[in-house]
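Proteins come first, then strands; the chains are lettered A, B, ... in the order of their sequence lines, and each starts at number 1. Hydrogens, waters and symmetry mates are skipped; everything else that's a heavy atom, side chains included, is used. Just so we're clear, the structure is a prediction, and the values are computed from it rather than from any experiment.
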Number of protein chains: 2
Amino acid sequence: MATEPLTAERILEVTEDVLRKYGPAKATVVDVARALGVSHGSVYRHFRTKAALREAVTKRWLDRTAKQLRFISEGADPQGGSPTDRSAEANLSDWLKALFEAKRHKAGDDPELFATYEVLLSEHSQVVEEHIKELIGQLAVIVDDGFRRGEFTSVRPDPTEVARALFDATAKFHDPQYAPYWSLPGVEADFAAVLSLLLRGLRVR
Amino acid sequence: MATEPLTAERILEVTEDVLRKYGPAKATVVDVARALGVSHGSVYRHFRTKAALREAVTKRWLDRTAKQLRFISEGADPQGGSPTDRSAEANLSDWLKALFEAKRHKAGDDPELFATYEVLLSEHSQVVEEHIKELIGQLAVIVDDGFRRGEFTSVRPDPTEVARALFDATAKFHDPQYAPYWSLPGVEADFAAVLSLLLRGLRVR
DNA sequence: CGAATGACAGATATTGAAATCTGTCAGCTG
DNA sequence: CAGCTGACAGATTTCAATATCTGTCATTCG
């Protein structure tokens with residue numbers, strides 16, 4: 001069998017597995033190289049540092065979520081149907097619910113990758129900053145749509161500003177710092193209460 | 001000079017100083033005893049464990065803030081005047097601003113006591129839970145007042161539920177986890193945006 | 001006799017030496 | 001000769017021995 005060429009993508013796949021198995025604290029570059037059947041020097045040919053590798057893996061992982069959410073922000077039905085003319089409020093509500101669900105599942109199903117994400121957070125990584133910017137951008141699309149349709153209003157009608165406020169106000173339901181709280185009973189109700197208050201704050205009546 | 005009797009209160013005062021000086025990681029019960037000029041056994045006569053002492057100090061410290069805020073939740077003018085008939089919205093806005101300011105100043109001026117508070121948080125201490133319950137209770141008073149005056153409405157008009165939603169939605173501006181963020185430029189604007197959205201969500205129009 | 005002491009056992013933290021890991025690079029290999 | 005290897009230096013982590021701290025309690029002190 002012709003041994004496949006070592007690509008950055010292949011390294012990322014395997015690194016993700018290694019991180020899943022050992023977690024960010026224990027996984028080493030040598031572990032990754034061993035799993036790939038190469039020397040660790042080869043890994044360094046594709047990623048200048050271990051931090052860069054960690055960032056690239058997390059970016060891939062975060063991008064998968066952002067991609068999912070983009071369907072909603074672009075007006076598609078969350079059930080996966082084709083784009084519809086759903087109200088901005090429904091879109092906003094679905095998007096925030098989907099964000100909460102996505103983060104919660106990531107924390108529960110992939111604790112080690114989630115821990116890796118938290119490492120980046122503590123390092124103030126650009127990757128996390130960009131992920132957040134992307135999410136706020138998606139929110140801004142929904143908010144702007146709401147403004148255009150005359151569904152939403154705000155004192156200062158800058159969609160991005162409002163999007164950031166929505167993002168900040170729902171921090172408890174997507175910021176990794178709160179992950180332990182997401183499995184407690186009553187979170188759902190707390191989330192619903194915040195969401196309802198925020199939606200009412202945007203609604204034109 | 002008649003050496004004063006060793007009271008719990010005296011121990012708390014001195015422990016606060018010791019914590020301020022050494023921080024929760026370095027301060028020991030022996031340090032506290034030394035500062036009091038007694039043996040550490042005497043401290044244990046008043047507090048069963050070091051954790052209990054730490055909790056008592058933090059409780060005192062948190063209670064001081066809660067007391068300040070109570071003036072606002074009970075309708076007093078924040079400038080310290082006598083109780084007035086200010087609108088519930090003004091009270092709510094002032095209270096949330098005051099909470100943000102109080103936490104921010106505590107984090108900035110008393111980093112070591114703030115760190116002690118964070119230790120309790122990580123221990124899921126009852127003291128912190130009660131502090132939060134007290135704060136939400138104060139918020140509920142303001143919200144209830146708003147309901148009674150016909151200033152506020154909500155889908156489910158339980159003042160405590162709404163109070164909790166307000167508390168959750170402003171977490172980024174009072175939860176110690178975000179303390180580093182409070183000194184960044186732009187926080188004020190972010191806070192104002194969230195506050196404005198929330199107030200609008202409550203307002204009867 | 002009630003309050004305080006300090007010696008003590010077990011738990012926790014500190015320290016420094018040894019082991020491992022990261023990142024580089026001269027040389028090897030297909 | 002492009003891509004990979006593995007020996008190496010410096011950085012970081014681990015580990016075990018040592019020191020310090022917590023919490024108890026028999027004894028002392030006023």
Side-chain angles (χ1 to χ4, degrees), chain A residues 1-58 112 115-116 118-120 122-127, chain B residues 1-58 112 115-116 118-120 122-127:
Chain A
M1 47 185 170
T3 121
E4 294 170 23
L6 184 62
T7 64
E9 180 60 21
R10 178 98 190 87
I11 294 174
L12 289 179
E13 281 167 18
V14 170
T15 305
E16 196 169 309
D17 292 341
V18 170
L19 278 171
R20 243 190 274 274
K21 193 163 160 195
Y22 298 106
K26 286 261 177 273
T28 73
V29 176
V30 174
D31 290 331
V32 173
R34 190 180 8 256
L36 282 160
V38 300
S39 79
H40 74 282
S42 300
V43 174
Y44 279 100
R45 173 166 301 282
H46 292 87
F47 297 93
R48 267 198 354 284
T49 65
K50 186 187 186 178
L53 177 55
R54 188 168 43 214
E55 290 197 354
V57 170
T58 308
E112 298 296 12
T116 305
E118 286 178 304
V119 169
L120 292 210
S122 73
E123 287 170 351
H124 300 107
S125 159
Q126 179 109 353
V127 166
Chain B
M1 49 186 170
T3 123
E4 293 171 22
L6 184 62
T7 65
E9 180 61 20
R10 179 96 190 87
I11 293 174
L12 290 178
E13 281 167 19
V14 170
T15 305
E16 196 169 310
D17 292 341
V18 170
L19 279 171
R20 242 189 276 271
K21 191 163 160 195
Y22 299 107
K26 287 260 176 276
T28 74
V29 176
V30 174
D31 290 333
V32 172
R34 189 178 11 255
L36 282 160
V38 300
S39 79
H40 74 282
S42 300
V43 173
Y44 279 99
R45 173 166 302 282
H46 292 87
F47 297 93
R48 265 197 356 282
T49 65
K50 186 187 187 180
L53 177 56
R54 189 168 43 214
E55 290 197 354
V57 170
T58 309
E112 297 296 12
T116 306
E118 286 178 303
V119 169
L120 293 211
S122 74
E123 287 170 353
H124 300 110
S125 160
Q126 179 110 350
V127 165

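Looking at every heavy atom in both residues, A:Leu19 comes nearest to A:Pro24 through CD2-CA, 3.8 Å. A:His46 and A:Ile11 get closest at one heavy-atom pair: ND1-CD1, 3.5 Å. What you find for A:Tyr44 and A:Lys50 is that their closest heavy atoms are CE2-N, 4.2 Å. Of all the heavy atoms in A:Ala27 and A:Val18, the pair that sits closest is CB-CG1, 3.9 Å. Taking every heavy atom of both residues into account, B:Leu36 and B:Arg10 meet most closely at CD2-CG, 3.9 Å. Shortest non-hydrogen contact noted between B:Val119 and B:Ser122 is O-OG, 2.7 Å.
Taking 4.0 Å as the cutoff to heavy atoms of chain B, we find the contact window on DNA chain C bounded by C:dA4 to C:dT14.
Rounded to an integer number of Å, the gap from B:Arg54 CZ to D:dC21 P is 15 Å. Straight-line distance from the CZ atom of B:Arg45 to the P atom of D:dA26: 13 Å, rounded to whole Å.
Under the 4.5 Å side-chain criterion, counting only non-hydrogen atoms from C-beta, B:Glu9 is in contact with B:Leu12.
Of all the residues in residues 22-43 of chain B, B:Lys26, B:Val38, B:Ser39, B:His40, B:Gly41, B:Ser42 reach under 4.0 Å from DNA chain C with at least one non-hydrogen atom.
Looking only at distances, a side-chain donor or acceptor of B:Asp31 sits under 3.5 Å from a matching main-chain atom of B:Thr28.
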